[in-house]
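Take a look at the structure set out below.
The structure displayed is predicted, hence computed values, not measured ones. Values reported hereafter were calculated over all heavy atoms of this structure, with side chains retained and with hydrogens, waters and symmetry mates removed. Every number for a ligand or one of its atoms is a count from 1 in the order of the listing. The chain is numbered in sequence order, starting from 1.
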Amino acid sequence: MKFGEGRATARVATVGLTAGLLVLAGLALWSSVDARATTAHVRQVNETSERWSRVLEHITVSDNALRDLQVARTEQTVQPLANSLGSARAELEWLRTEATPSDAAVATRLLPLYDQTTDLLRKVVAGTDPLQADQAGLAHSSLRRQITAAISAKRLDNNEYLRAADERNARLRIAQIVVFVLDAALVAVFGMVLLGQRRMILRQAAKNEHEAHHDALTGLANRTLLARRMEVAVDKARKKDEPLALLIVDLDRFKEVNDSLGHHTGDLLLRQVANRLSWAVRDTDLVARLGGDEFAVLLPGVGSAENATMVAEKILQALAMPVTLEGLELEIAGSVGVALCPADSGDGHELLRHADIAMYAAKREKSGVAVYDARLHERGAAHLTAVTELRHAIDRGELFLQYQPKALANTGAVCGVEALARWQHPTRGLVRPDEFIPIAEENGLIEPLTRYVIDAALRQCRTWSDAGWEVPVSVNVGAACLHHTEFPGDVADLIKRHGLPARLLTLEITESAIISDPERAVEVLRGLTDLGVRLSIDDFGTGYSSISYLRSMRVHEMKLDRSFVTHMCTDAGDSAIVHALVALARNFGLQAVAEGVEDQDTWTALAEAGCDVVQGYFLSEPLPAEEVVSWLGDRAAAHA
Ligand code: C2E
Ligand code: CA
Ligand code: CA
């Protein structure tokens, strides 16, 4: 039964029950009124009969006195007759005026006869006419007969009346029983409906309670429930000295999956992750989703950091198994931060914050698992300092560029350089881009950094050009730049400022930049090609494949990732990949550039495979700007 239906049934039952009770009360009232009427009637009949009996008695007394007087007329016989004269008149008069119409009619009829009889008797008492005594005796018996008839008629009437009252009563009783049974049935139905509704309300309340404490997507506990459980567990851990741990699990590269494969697939993945986390831990542990791709696992009574780390490793293993979603096989990985109570966190809030710091450390250091300690805190702070310092470095020009030459694979002629950023840190010395580019990307600094690098590279290019060397430069472009529609305008301004032809600038973009927001990226890329700038897809083959975008984008170059190139002569798999990628580039009319070429054999193999351009330590390491011209000169001389 649905909630609404139950309510409607309850309403009908209430109305029915009320009506039934009213009918029952009405019937009770009716039967009591009827009983009163019957009693009143019976009382009246009794009174009337009583009066008639008294009339009959008076007449009998009078008649007896008359007979005595007829036997012997003495003082003793005359007196009683004289006393009885008119003795029944008052009763008859009452009957005529107060009794029911039928009795009144009889009394009215009898009164003149009685009065005549009284007259006769008066004469008998006077002793004037002895014959009159006989007449009076006759009148007496006539009166007596009629009164007796009236009394028995009365009795018959009364019997009839009582019989009818009995019948009415029986009918009323049956009606009362029927209504009572109906009411009882209604009460039963009503009770059942109420019980059902109560059950439904309880169930609904339980459902609401569950929803308030669980995540709708995965069914895991939510932040609220975690906080509540944590409070209890922390209390217990402190009192019983049983250390507990909180793990925070964050997926790596989840945003990429969500952006490239759609939110639906992202949701499916999160559900899978939720299941795997639940399987990996004990029933007494609590797995919660904190939001997005962030999960928490509460391990009450885990005992030690070693045990907690073991659980964290188990979780990472569970996540590492490939997931198949809608026919696609995905690899997922995560980073886990571990914090313990009471060892290094006093309450739930602190536990959560410390596990979070540990998780970020695990992510930064790519270590999978990190256990919180105060030094991590310092390193987290150091990370923050690094962000500030990098911002200053960009502003103050502490970044500089090195240039790595590229050459045509078949002739060896130099055809350009790739600009690579370096950071001369005032205290830490030279910082590699692998260290600071991710910081820039994560902290909104990649756009100013990219603009800075393009500016510096074009300035250098202009200097070489003025010295008689036309050297095309490639610049790496951070992913975020492709999501800003102003970017092509900025690049156009820079090219104009340095007075160079746009074709001397190649922008290297990565696949992930396109995939995380394809529509916007394609629009920005179109703006860039319209300027006459060359576009290259860097690290091709390492991201989620964007082959489908190659068709719709006007890209000029495909850069094979060095992870396939460097070992292609010793690894048949790498070799196969390189051959396939070169063929793909050719089919799309793109220039194939191989980076990471470290020896002659690889160069030769690439040339044979049809690769157009090579770059790598074998040709040259990245060079300081001021060494490039001399290097070019030496190379030209050697070539000649
Ligand atoms: P990338 O774009 O793939 O750059 C090539 C990297 O490979 C450079 O490392 C280069 O020194 C290195 N390399 C060159 N030849 C060889 C070789 O034969 N063998 C090996 N093993 N490595 C070789 P680097 O300079 O440390 O740059 C690392 C990454 O940092 C770059 O990879 C690029 O993704 C990023 N990066 C560098 N400069 C910039 C920049 O100005 N802007 C942006 N957005 N990213 C940059
Ligand atoms: Ca590059
Ligand atoms: Ca690359």
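Contact annotation: for Glu595 versus ligand 1, heavy atoms closer than 4.0 Å belong to the side chain alone. Of all the heavy atoms of Pro622, the ones lying under 4.0 Å from any atom of ligand 1 belong exclusively to the side chain. The proximity of Gln404 to ligand 1, defined as any non-hydrogen pair under 4.0 Å, is limited to the side chain. Counting heavy atoms closer than 4.0 Å to ligand 1, residue Ile437 contributes side-chain atoms (C-beta onward) but none from N, CA, C or O. At a heavy-atom distance under 4.0 Å, no atom of Glu621 approaches ligand 1. By the criterion of a heavy-atom distance under 4.0 Å, the side chain of Asp538, and not its backbone, is placed next to ligand 1.
Each of the atoms 15 (N), 18 (O) of ligand 1 lies under 4.0 Å from some heavy atom of Gly616. Per-residue contacts place Asp434 under 4.0 angstrom from the following atoms of ligand 1 (heavy atoms of the residue considered): 28 (C), 29 (C), 30 (O). In summary, the atoms of ligand 1 found under 4.0 Å from a heavy atom of Asp539, numbered by their order in the structure, are 3 (O). Less than 4.0 angstrom separates some heavy atom of Gly478 from each of these atoms of ligand 1: 44 (N). Close approach of ligand 1 to Arg432 (heavy-atom distance below 4.0 Å) involves ligand atoms 24 (P), 25 (O), 26 (O).
Ligand 1 has no atom lying under 4.0 Å from any heavy atom of Thr450. Residue contact annotation: Arg422 has a non-hydrogen atom under 4.0 Å from ligand 1. Distances from ligand 1 to the non-hydrogen atoms of Val453 include at least one value under 4.0 Å. At least one heavy atom of Glu418 sits less than 4.0 Å from an atom of ligand 1.
Ring geometry for Tyr403 against Trp464 counts as perpendicular: the plane angle is over 60°, on a 0 to 90° scale with 30° as the lower cut.
For a threshold of 3.5 Å applied to N or O pairs, the pair formed by Ala421 and ligand 1 contains at least one separation below that value.
The Ca ion (ligand 2) is closest to atom OE2 of Glu418 (considering only N, O or S atoms). Distances from the Ca ion (ligand 2) to each N, O or S atom of Glu508 single out OE1 as the nearest.
Scanning all heavy atoms of the two residues, the minimum distance from Leu316 to Ser335 falls at CD2-N, 4.4 Å. Between Val477 and Ile509 the shortest heavy-atom distance is CB-CG2, 4.2 Å. Here the closest non-hydrogen pair linking Asp574 and Met568 is CB-CA, 3.9 Å.
For the atom pair CD (Glu557) and CG (Leu590), the distance works out to 9.0 Å, reported to the nearest 0.5 Å. The line from CD1 of Ile248 to NZ of Lys363 is 12.0 Å long, rounded to the nearest 0.5 Å. Taken to the nearest 0.5 Å, the CG atom of Leu420 stands 6.0 Å off from the CG atom of Asn476. Atom-to-atom distance recorded for Trp603:CH2 and Leu619:CG is 5.0 Å, nearest 0.5 angstrom. With rounding to the nearest 0.5 angstrom, the CG atom of Leu606 is 12.0 Å from the CG atom of Asn410.
Counting heavy atoms from C-beta on, the side chains of Val533 and Ile495 come closer than 4.5 Å.
For Arg451, the side chain to side chain donor-acceptor pair (under 3.5 Å) criterion is met by Asp490, not counting sequence neighbours.
Here Asp538 meets the criterion, with an N, O or S atom under 3.0 Å of the Ca ion (ligand 2). Residue contact annotation: Asn476 places an N/O/S atom under 3.0 Å from the Ca ion (ligand 2).
For the side chain to side chain donor-acceptor pair (under 3.5 Å) test with Gln404, the passing option among Glu595, Glu418, Gln615 is Gln615; the others fail.
Taking each of Val614, Asn476, Thr602, Asp561 in turn, the one with a heavy atom nearest to atom 43 (C) of ligand 1 proves to be Asn476.
Donor-acceptor pairing under 3.5 Å is recorded for the side chains of Lys406 and Ser474.
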